[in-house]
Enquirer: 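Sharing a structure here in structure tokens format.
Numbers restart at 1 for each chain; the letters A, B, ... are given by sequence-line order, proteins then strands.
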Amino acid sequence: MKISKSMGNLEIAKLFRAVAAAYALKEEDNKFRITAYERAADAVEHSSSEVKDLWDCGELGSLAGVGSAMTQHLDELFRKGRVKHFDQLFRGLPAAVFELMEIPGIGVKMAYKLCKALGINRTHGAVEKLERAAKRGKVRKVEGFGEESERNVLENIIQMRKRTTRILLPDAYRTAREVIDWLGETGGIKTAEPLGSLRRKASTVGDIDIAVFCERPAGVIKRFTQFPQVSQIIESGTESASIVVSRGIQVDLMVQPERRFGSLLQHFTGSKHHNIALRELALKRGVSLSEKGIKRGSTLKEFSTEEDFYGYLGMDWIPPELREDAGEIEAGISHKLPVLVELSEIKGDLHLHSSFNSEPSHDLGTSSMEDMIQKALTLKYQYVGFSEHNPSVSRHSESEIIDLVKTKREIIEKVNYSFANRGIFVFNGMEIDIKPDGSRALPDKALELLDYAIVSIHGSFGGEKTSQTERVIRAMSHEKVRIFGHPTARKLREREGVDLEWEKIFEFCHKQKKILEINSYPDRLDLPDVLVKEAVKSGVKLVINTDSHEVSAMDLMTYGTSVARRGWAEGSDIMNALKLADFKKELLNP
DNA sequence: GCCGTTTTCGGCCCGACTGTTTTCAGTCG
């Protein structure tokens, strides 16, 4: 196991998983040590802060699942770059084992057998070696394998290569809808629901989970495996099945009778960690949970609603967005769950790019202000704000920039006048680039002409944490700057966000009454949910915007609202849940 | 190896599906 100097969370998680695998091969009966390392790996992977940073501050203890032994190992890892105990554990174990485990359907036991029997040792080229062996009919001769599993190995290698990265929410919805439409009313289907991370509204979705409720599962499962775009049937049983559809996306199906609606909904929504925590809690109360219901001894009680299921455990119904085992179970028991913000509470959108030509260096909007305002009226908004990009600095003199901003102000005034009796108010904003040194790409004289400004990072994403933090704080330090737009500047599946000292940012925003944006664009969803939660805890106010460049994008508000909900935000945390009079006061005279 | 609102010892989530070693281990979610 090579560990690089940076030792990020992903690497540490990988190391812990390898340790778990190595213990699994030892055939000791202490299988709980194995799960302990797996759970620690999960905890590290999902930690919102870098484990190395936690170690620096002596706060490793705050990580649930990492106890004294692992703390000691991590201590050794960070000091010396390796852990003697782990090295001993890995001795005699082909490195290729961990490589082969990447193939679906191959776990540590099978990987080890294959490596030993076929003489695969090195990480490099391990999968190709296995593939060649399978093609030559050598895998079927390995103990525990046969012709069928040899075929599966080959097919799974192909699938692994095709496997796509996680997909964005709208794409996941589309695929789920296609599958559900295909199932139609087969087998007397009463309901079919997309669950899993899709229902929890995670920022990206790994696979698509669909629950079906009906009395005759056989026909449904058959129909499911005949989905036109199916590229592989992973498994197909009597009450569940898994397929791979185009682009390598896996779709899992579970079928239960309608009287078990509540328990299957709960089970299949997850998350895995939420379910594990819930089942552990249930055990302490002498009951056992599954998708079929709640068992006390051998008697099964069935649940037709999730509310009843959670209620039986003595807790309030938990909104799917919160089900990550991040305190929601405790809150559910003590009846202290937040009242999450709803899409219907949103009363305005402050990040719109109209087709007004501010002669920017970034993209212009394609819809007129009037069309966007009409759309806002159908969304029952009380206000909108137009925040086109600042005029390009390189192509304009300062006075030209000021003239452009003046022109826009006059247009906004006219627009406001013409919509005056339609019950909507238009704010005059602008989205301003934060330059690498933290200065703004708009002269202060022009800034004065605006109602408000959004500052955001559109370049120089790298760079060191402290200097980036100073950069952002400097950019925000003007009374007209009210909003920090898409704060991490991440692009999902494309680039990581900017590295910032969030505690400092939150503290600054709280003190100076600056607002952090939750950008609703599906490939941004920025501020990310985990940081929303921290921001809310720090008393920072948020605004949910769409960053629309055309009318149709204004419907994306639902995705940003989901991020807010996943961050435990209530209506009172969201600025644009305020009605116009209050919002105006907060925006213009904080 | 972790953890504690019945525990510092004695527990540790649940079940479906698959292929092979015909009674169950391995893998997955």
Enquirer: Does the side chain of K292(A) get closer than 4.0 angstrom to OP1 or OP2 of dA16(B) through an N or O atom?
Expert: yes
Enquirer: Does a side-chain N or O of S149(A) approach OP1 or OP2 of dT20(B) to a distance below 4.0 Å, or not?
Expert: yes
Enquirer: Expressed in whole Å, how much space separates the P atoms belonging to dT5(B) and dG1(B)?
Expert: 24 Å
Enquirer: Using distance only, find each side-chain donor-acceptor pair of residues 97-126 of chain A under 3.5 Å and give its atom names and separation, not counting sequence neighbours.
Expert:
none

Enquirer: What string of B, S and - do you get for nucleotides 2-11 of chain B 5' to 3' if you count protein non-hydrogen atoms under 4.0 Å?
Expert: SS--B-----
Enquirer: Between dT6(B) and dC12(B), how far apart are the two P atoms, rounded to whole Å?
Expert: 16 Å
Enquirer: Does a side-chain N or O from N275(A) land closer than 4.0 Å to OP1 or OP2 of dG29(B), or not?
Expert: no
Enquirer: Quick one: which of dG26(B), dC17(B), dC12(B) gets closest to the side chain of E235(A)?
Expert: dC17(B)
Enquirer: If only side-chain N and O atoms of K272(A) are considered, is one of them under 4.0 Å from the OP1 or OP2 phosphate oxygen of dC14(B)?
Expert: no
Enquirer: Show the atom names and distances, to 0.1 Å, of all donor-acceptor pairs under 3.5 Å that link a side chain in residues 205-216 of chain A to residues at least two apart or in another chain.
Expert:
none

Enquirer: Please state the C1' separation for the pair dT8(B) and dG15(B) - nearest whole angstrom.
Expert: 33 Å
Enquirer: How far, in whole Å, is dT23(B) from dA16(B) if one measures between their P atoms?
Expert: 22 Å
Enquirer: Suppose you measure atom P in dT21(B) against the same atom in dC17(B); what distance do you get, rounded to whole Å?
Expert: 22 Å
Enquirer: Let me spell it out: for each of M254(A) and H73(A), pick the nucleotide of DNA chain B with the closest heavy atom. Which residue's pick is nearer the 5' end?
Expert: H73(A)
Enquirer: Any base atoms under 4.0 Å from F268(A), or only sugar-phosphate, or nothing? Heavy atoms, all strands.
Expert: nothing
Enquirer: Between dC14(B) and dC9(B), how far apart are the two C1' atoms, rounded to whole Å?
Expert: 25 Å
